[in-house]
Amino acid sequence: MLQLAVLRNNPTEVKERLAVKNFKEPELVDQIISLDDSRKKLTFQFDETKGKINAASKEIGGLMARGQKEEAEGKKKEVEALKTTLGPVQEELEATEKQLNELLVRLPNLPSVKVPKGKTPEDNEVVRTGGSKPELYAGAVPHWELAKKFDLIDFELGNKLTGSGFPVYKGKGAKLQRALIQYFLEYNTQAGYTEYLPPHMVNEATAYGTGQLPDKEGQMYHVTGDNLYLIPTAEVPVTNIYRDVILKEADLPVKMTAYTPCFRREAGSYGKDVRGLNRVHQFDKVEVVQLVHPEKSYDVLEEMVSHVEKLIQSLGLHYRILRLCGGDMSFTSALTYDFEVYSAAQDKWLEVSSVSNFEAFQTNRMKIRFKDGNGKTQLAHSLNGSSLALPRILASLLENNQDENGIRLPQVLQGYFGGEMI
RNA sequence: GGUGAGGUGGAUGAGUGGCUGAAAUCAACGGUUUGCUAAACCGUCGUAGGGCCUUAAAGCUCUACCGAGGGUUCGAAUCCCUCCCUCACCGCCA
């Protein structure tokens with residue numbers, strides 16, 4: 001959530017920035033500021049009255065100790081009167097704070113100045129394209145057919161065991177999955193990220209911390225018996241590791257990576273884009289997360305983009321990097337780069353990574369802070385990205401590298417996979 | 001699932017109604033000393049929100065917080081209730 005101070009300092013600029021995200025209720029900004037004014041007034045009243053009560057109570061203690069019962073009784077009457085005025089003030093204060101918070105969490109993060117205007121994915125800006133477009137083998141087929149032909153993935157079996165969108169990987173398919181996870185984690189840890197293996201279910205507080213709750217609960221699987229949520233991404237448990245922590249400046253940057261399965265209900269999506277591995281309810285992903293000094297977060301964002309780009313290059317895939325427009329960005333992000341790889345047999349671009357700077361939007365909610373050189377406590381910035389999401393990488397690898405002899409794996413994977421060809 | 005114990009500041013841990021926002025020790029930070037390190041000594045050392053003052057910072061002051069929420073009381077870390085969590089033992093089990 002946004003910091004109140006930011007709204008108070010530049011309400012006009014905030015509204016302009018929100019407009020880039022096509023935010024429809026700019027009047028919330030003024031409402032929030034006016035609620036904050038009330039909050040301050042009420043806080044003052046409450047603190048004054050409570051202060052008097054505390055002082056009187058202390059006096060009563062002294063009077064009682066000296067046996068001055070009458071005076072003590074008088075003071076008690078005084079306190080009683082003060083308390084009757086305190087009650088309503090307290091109620092109003094609590095109501096104001098609650099309302100203030102409710103409005104504040106409805107404001108999305110402010111997009112950075114680099115964010116292009118626009119409403120739909122068509123308005124995203126292609127930053128650059130890399131790798132070379134593969135020459136398609138004459139007998140090429142889409143990955144779901146390759147998966148069947150080489151017995152790598154059994155979608156039907158997934159239906160039987162669970163439901164649609166829960167593929168079963170088998171034989172070399174399963175092994176390739178494992179090889180990719182291993183390679184990605186290795187690549188990330190080499191770059192200084194500390195590896196974690198977090199829980200795959202989280203409680204409410206954690207889901208709230210990264211912004212899945214209260215709004216996006218429809219996107220998560222909810223285990224109602226224990227009130228836990230299956231994670232939609234490793235970002236959720238991993239970023240929350242530092243919830244309510246005050247770091248030392250020297251601890252920054254904190255770099256973390258984790259492999260987890262990801263569970264997404266994808267409620268409401270169906271039809272053309274859901275074939276094969278294009279969109280599934282459970283998939284594997286390796287994530288990178290950083291907590292950094294606010295002054296460095298945009299440099300780190302570029303560094304992370306470059307990190308992911310090199311990984312994709314090492315797999316020999318044709319890719320492009322998009323800078324998301326205001327209308328296509330997530331609620332929490334200030335600047336997002338999406339990576340898409342070209343999947344030749346489908347002739348489609350598939351999103352395989354999303355790298356974002358959240359600035360202080362997540363850390364404000366999670367209270368992830370650090371003490372700076374002057375001993376002042378301030379919010380860190382958080383960033384994360386996929387490095388990488390597996391299914392679409394797999395789709396692209398299978399489709400692009402097929403020929404009459406089978407499917408040739410990129411060299412970087414061969415060691416992990418234990419072979420060159422499928 | 002059963003029984004028992006417990007949740008206090010970065011850690012250990014004292015505190016059973018007012019003098020406790022919280023002892024003590026350790027860690028951390030700053031300094032003195034030292035050829036360097038260590039040791040010793042001195043000092044600092046929770047978070048958040050108001051008010052005063054200020055360009056600002058600093059400073060002064062008040063309020064809230066001792067797992068969460070509610071209650072009793074003039075007054076609660078301390079008493080009562082509910083919930084959550086942790087630990088130990090037993091049972092079950094990968």
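The chains referred to below are lettered A, B, ... by the order of the sequence lines, with proteins before strands, and numbering in each begins at 1.
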Self-check item: A/Glu73: which of A/Lys76, A/Lys77, A/Lys69 passes salt bridge (Lys or Arg N to Asp or Glu O under 4.0 Å)
Solution: A/Lys76
Exercise. Just compare B/C74, B/U63, B/G50 and give me whichever is closest to any side-chain atom of A/Lys40.
Key: B/G50
Quiz item: Which comes earlier along RNA chain B counting from the 5' end, the contact point of A/Phe46 or that of A/Glu94, where each point is its nearest nucleotide?
Solution: A/Phe46
Practice problem: State the pairing partner of B/A40; accept Watson-Crick or G-U wobble contacts with both distances under 3.5 Å, and report none otherwise. | Solution: B/U32
Exercise. Ignoring hydrogens and angles, state whether a donor on the side chain of A/Asp338 or A/Ser354 is under 3.5 Å from an acceptor on the partner side chain.
Key: yes
Quiz item: Should A/Asn54 be listed as having a side-chain N or O under 4.0 Å from OP1 or OP2 of B/C62?
Solution: no
Quiz item: Now, which nucleotide makes the Watson-Crick or G-U wobble pair with B/G75, with each of the two distances under 3.5 Å?
Solution: none
Quiz item: When you measure from the side chain of A/Thr43, which nucleotide among B/G18, B/G49, B/U47 comes out closest?
Solution: B/G49
Quiz item: If the P atom of B/U73 is compared with that of B/U20, how far apart are they to the nearest Å?
Solution: 26 Å
Quiz item: Is A/Met201 atom CE crowded by more than 12 heavy atoms from other residues, nucleotides or ligands, each under 6.0 Å away?
Solution: no
Quiz item: So, is A/Arg39 near the phosphate of B/G49, with a side-chain N or O under 4.0 Å from OP1 or OP2?
Solution: no
Quiz item: With both distances under 3.5 angstrom, what nucleotide forms a Watson-Crick or G-U wobble pair with B/U55?
Solution: none
Exercise. Sticking with atom C1', work out how far B/C80 lies from B/G10, rounded to a whole angstrom.
Key: 33 Å
Quiz item: When rounded to the nearest Å, what value does the distance between C1' atoms of B/U32 and B/A38 take?
Solution: 16 Å
Practice problem: Can you tell me, in whole Å, how much space there is between the C1' of B/G75 and that of B/A68? | Solution: 23 Å
Exercise. Measure from the side-chain heavy atoms of A/Asp47 and tell me the nearest of B/U47, B/G49, B/C74.
Key: B/G49
Quiz item: Would you say B/G18 has OP1 or OP2 under 4.0 Å from some side-chain N or O of A/Lys75?
Solution: no
Quiz item: Considering Watson-Crick and G-U wobble pairs with both distances under 3.5 Å, what does B/G17 pair with?
Solution: none
Self-check item: Base partner of B/C26, which must satisfy Watson-Crick or wobble distances under 3.5 Å
Solution: B/G10
Quiz item: NA contact type, A/Ile53, heavy-atom cut-off 4.0 Å: base, sugar-phosphate, or nothing?
Solution: nothing
Exercise. Specify the separation, in whole Å, of atom CD of A/Glu97 and atom C1' of B/G50.
Key: 11 Å
Self-check item: Aromatic plane relationship, A/Tyr193 with A/His307 - under 30° parallel, 30 to 60° tilted, over 60° perpendicular
Solution: tilted
Practice problem: Give a yes/no answer on whether the side chain of A/Lys83 brings an N or O atom under 4.0 Å of OP1 or OP2 in B/C74. | Solution: no
Practice problem: Could you tell me which nucleotide pairs with B/G91 by Watson-Crick or G-U wobble geometry, both distances under 3.5 Å, or answer none if nothing does? | Solution: none
Exercise. Please test A/Glu235 against A/Gln362 for side-chain hydrogen bond (donor to acceptor under 3.5 Å, both in side chains), starting from the C-alpha separation and ending with a verdict.
Key: CA-CA 11 Å; A/Glu235 166 198 344; A/Gln362 292 186 323; 2.8 Å; yes
Quiz item: Taking only side-chain nitrogens and oxygens of A/Arg369, does any of them come within less than 4.0 Å of OP1 or OP2 of B/U47?
Solution: no
Self-check item: Atom-pair distance (CG on A/Asn9; P on B/A56), nearest Å
Solution: 12 Å
Quiz item: Toward the 5' end of RNA chain B, which comes first, A/Ser57 or A/Gly51, by nearest nucleotide?
Solution: A/Ser57
Quiz item: For B/A5, which nucleotide is its Watson-Crick or G-U wobble mate, given both distances must be under 3.5 Å?
Solution: B/U86
Self-check item: Residues A/Ser343, A/Arg392; criterion side-chain hydrogen bond (donor to acceptor under 3.5 Å, both in side chains); working and verdict
Solution: CA-CA 8 Å; A/Ser343 201; A/Arg392 294 168 183 167; over 6 Å; no
Exercise. Grab the CD-P distance between A/Glu204 and B/A68 for me, whole Å please.
Key: 17 Å
Quiz item: How would you label the contact of A/Lys371 with the nucleic acid (heavy atoms, under 4.0 Å): base, sugar-phosphate, or nothing?
Solution: sugar-phosphate
Quiz prompt | Separation of the P atoms in B/C45 and B/U37, to the nearest angstrom | solution = 26 Å
Quiz item: Rounded to whole angstrom units, what separation is found between the CD atom of A/Glu71 and the P atom of B/C74?
Solution: 18 Å
Self-check item: Whole-Å gap separating P (B/G10) and NZ (A/Lys248)
Solution: 13 Å
Quiz prompt | Mate of B/U47 where both pairing distances stay under 3.5 Å, Watson-Crick or G-U | solution = B/A64
Quiz item: Is the count of non-hydrogen atoms from other residues, nucleotides or ligands lying under 6.0 Å from A/Lys148 atom NZ greater than 12?
Solution: no
Exercise. Calculate the interatomic distance between A/Leu247 atom CG and B/A28 atom P; express it in whole Å.
Key: 17 Å
Quiz item: Taking NZ from A/Lys58 and P from B/C74, how many angstroms apart are they, rounded to a whole number?
Solution: 19 Å
Practice problem: Rounded to the nearest angstrom, tell me the gap between atom OH in A/Tyr208 and atom C1' in B/C84. | Solution: 19 Å
